[in-house]
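What follows is one structure encoded as structure tokens, with my remarks underneath.
Numbering starts at 1 and runs along the sequence shown. Just the heavy atoms: all of them, side chains too, but no hydrogens, waters or symmetry mates, feed the values below.
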Amino acid sequence: MKRTVFIYLREAKFLSVLAAPLMVAQVSQMGMSVIDVVMAGRYGAVDLAGVGLGASVYWPTMLLLTGTLLAVTPTIAQLYGAGRVSETGAVARQAMMLGLVLGTIVFWVLQNMEPVYRFLEVDPEAIPISVGFLRAQSYGIYGMLGYLVLRNLTEGLGLTVPTMVIVLCAFAFKIPLTYFFVFGVGDFEGLGGVGCGWSTAVTMWMQLLGAIVAVKVTRASRSGVFRGIEWPNFTVLSRLVRLGLPMGGTIFIEVSFFSCITLFIGRLGVEAIAAHQIAMSVGSIGFMIPLALSLATTIRVGASVGASNFRVARRTVAVSIGISLLVGVCIAIVLLVGRDSIVSLYSEDLGVLELASFLLLMCAVFQLFDASQVTAIGSLRGFKDAMVPLCLVTLSYWLIGMPLGAFLAYGAFTFVGVGVVGFWWGLVVGLACASILLIFRVRWITKHAPLRQQV
């Protein structure tokens, strides 16, 4: 009994060591977006609106690409676990070719968003800011995609500290750089909200430079990723696409679910919008810990599967989901006890405060399911299981959570809608369904893993 407890505690320590740097990196990455909002807001309301419009296009697109390139992490982790580190560099080079193709598509989209904004009849004052913001950011796309591939390479090899160091440096670098581009210094007058796009583009290339250095000075150099250029290997590329597109699709489905609910709440009034944004902001902060744990689980499970050590993989999954539930409970307790103090940091409007405080009660329940579902997805990625999770989250969010939320919020037939609270019930139920279904999928995968081809 004592030996079993010791083994599980040791596994928890391994996961924590991997996850802690990733959590710092995720918070810092989120902080870069906050910098843009704060700087643009101080420059002017029109610039803030333009940056907000641009971000609504940029982030879903980037998350789809980021998710697609996540295929690199479990692929590298399984090769690493199998003792085939020399093959990882070739996989990363092929992923860079895939990134070039995807990056070119995104570059074209970001360069040509003006007709879309005109068609949607967006506020004409904000359009020039948003278009300039997106066009500036597009020049950093290739740098960002190169950074993502190298980041996924190092993380797949079990190196997460370099990611933390790079993102922290980028965060510190972006603050004065954004100020310079937005407000100007000396003879340079600044570009307003468009300057946020240019500072982001420069920061993207800086992150790529940091990733190159990290690969060269760590054991990731054994991958041989910089040994040369080769022709596309369509077998490797097809595997990355078949694995990466469902991964990117899963992230996109979840992000679009939350984004669309926010848009629909826009019909319910300013008070509802403000209260919802406060609750989502608080929930997003709590989500960083389970997200980092999910990324660490992918790395740890992938390495164990590559080594055909399925017993360790099962143990990692059990410990990871257990920790995520514990974290969810702790966050829920904090929200339940301190919700009034928390919302008072965001607003002084009594109506908003009262509604936001109630939404945090639901957010507390939300945390349990959100933490467990993201960790379950991370576990499944380690096994290279991506298509079934995509189907499960689509079912949970769009076929159950969204219709239920809309019905409860707006009402139908003889039922009178309950407003924003209805959409939050849709969020809770959708996440609960996703969590339960994904955990059942994890149990099935861990049981049948030895029968599946992995590396």
Side-chain angles (χ1 to χ4, degrees), residues 12 15-16 18-27 29-30 59-60 63-64 66-67 70-71 73-74 77 152 155 160 246-259 261 280-302 316-332 335 363-386 388-398 401 427-443 445-446:
L15 281 171
S16 299
L18 282 173
L22 293 174
M23 184 182 69
V24 175
Q26 291 298 129
V27 172
Q29 197 78 53
M30 186 172 68
W59 281 112
L63 286 171
L64 180 61
T66 301
L70 268 178
T73 302
N152 292 340
E155 289 179 2
T160 57
M247 285 184 176
T250 300
I251 295 173
F252 183 78
I253 288 294
E254 183 172 3
V255 171
S256 62
F257 172 62
F258 284 91
S259 297
I261 281 183
M280 288 304 299
S281 175
V282 174
S284 297
I285 295 170
F287 181 67
M288 290 298 105
I289 299 175
L291 178 59
L293 184 61
S294 173
L295 296 171
T297 302
T298 299
I299 297 167
R300 181 80 173 146
V301 170
T316 299
V317 170
V319 171
S320 177
I321 293 177
I323 293 175
S324 71
L325 288 171
L326 179 61
V327 169
V329 168
C330 292
I331 295 172
L335 295 182
C363 189
V365 180
F366 169 116
Q367 293 295 323
L368 297 175
F369 298 119
D370 205 15
S372 56
Q373 67 86 22
V374 74
T375 311
I377 287 177
S379 302
L380 293 170
R381 285 177 185 151
F383 287 99
K384 290 187 176 179
D385 184 51
V388 172
L390 171 61
C391 296
L392 295 180
V393 298
T394 302
L395 168 67
S396 301
Y397 298 151
W398 283 97
L427 283 171
V428 171
V429 172
L431 282 166
C433 290
S435 176
I436 293 167
L437 292 173
L438 288 166
I439 287 175
F440 272 110
R441 178 62 179 176
V442 167
R443 290 188 64 183
I445 284 291
T446 53

Hey, are the side chains of [X] and [Y] touching, using non-hydrogen atoms and a 4.5 Å cut-off?
X: Thr160; Y: Leu295; answer: no
X: Val374; Y: Glu254; answer: no
X: Val393; Y: Leu438; answer: yes
X: Ser320; Y: Leu15; answer: yes
X: Val319; Y: Ile323; answer: yes
X: Phe366; Y: Leu335; answer: no
X: Arg441; Y: Asp385; answer: yes
X: Leu293; Y: Val327; answer: no

Inset, instruction - Mark yes when over 12 heavy atoms from residues, nucleotides or ligands other than Phe258 sit less than 6.0 Å from its CZ; otherwise mark no. - result: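 Atom CZ in Phe258 is packed in, count exceeds 12.
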Inset, instruction - Check the surroundings of atom CZ in Phe287: do more than 12 heavy atoms from other residues, nucleotides or ligands lie under 6.0 Å from it? - result: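 Counting neighbours around CZ of Phe287, more than 12 heavy atoms of other residues, nucleotides or ligands fall under 6.0 Å, so yes.
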Inset, instruction - Applying side-chain contact (heavy atoms from CB on, under 4.5 Å), run through Arg300 and Leu18 and close with a yes or a no. - result: CA-CA 9 Å; Arg300 181 80 173 146; Leu18 282 173; 4.3 Å; yes
Find the distance between [atom1] ([X]) and [atom2] ([Y]) and round it off to the nearest 0.5 Å.
X: Leu291; Y: Asp370; atom1: CG; atom2: CG; answer: 9.5 Å
X: Ser16; Y: Met23; atom1: OG; atom2: CE; answer: 10.0 Å
X: Leu326; Y: Ile321; atom1: CG; atom2: CD1; answer: 14.0 Å
X: Leu22; Y: Ile289; atom1: CG; atom2: CD1; answer: 13.0 Å
X: Leu380; Y: Thr250; atom1: CG; atom2: OG1; answer: 9.5 Å
X: Thr73; Y: Met247; atom1: OG1; atom2: CE; answer: 8.0 Å

Work out which heavy atom in [X] is nearest to a heavy atom in [Y]; give both atom names and the distance.
X: Val301; Y: Thr316; value: CG2-CG2, 3.8 Å
X: Gly249; Y: Leu390; value: C-CD1, 3.5 Å
X: Gln367; Y: Gly283; value: NE2-CA, 3.4 Å
X: Ala332; Y: Ala364; value: CB-O, 3.4 Å
X: Ala371; Y: Ser324; value: CB-O, 3.4 Å
X: Pro290; Y: Gly286; value: CD-O, 3.2 Å

Legend entry - Backbone of Leu431 reached by a side-chain donor or acceptor of Ser396 within 3.5 Å: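 Pair absent, no side-chain N/O of Ser396 close to backbone of Leu431.
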Inset, instruction - Before giving the answer on side-chain contact (heavy atoms from CB on, under 4.5 Å), spell out for Thr446 and Phe383 the whole-Å C-alpha distance, their side-chain angles and the decisive distance to 0.1 Å. - result: CA-CA 9 Å; Thr446 53; Phe383 287 99; 3.9 Å; yes
Legend entry - Audit row: Ser372, Ser435, side chain to side chain donor-acceptor pair (under 3.5 Å) steps and yes/no: CA-CA 6 Å; Ser372 56; Ser435 176; 2.6 Å; yes
Inset, instruction - Could you walk me through whether Thr66 and Ile251 pass the side-chain contact (heavy atoms from CB on, under 4.5 Å) test, one step at a time? - result: CA-CA 9 Å; Thr66 301; Ile251 295 173; 5.7 Å; no
Inset, instruction - Quick one: sort the Phe257 and Trp398 rings into parallel, tilted or perpendicular, breaks at 30° and 60°. - result: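 Perpendicular.
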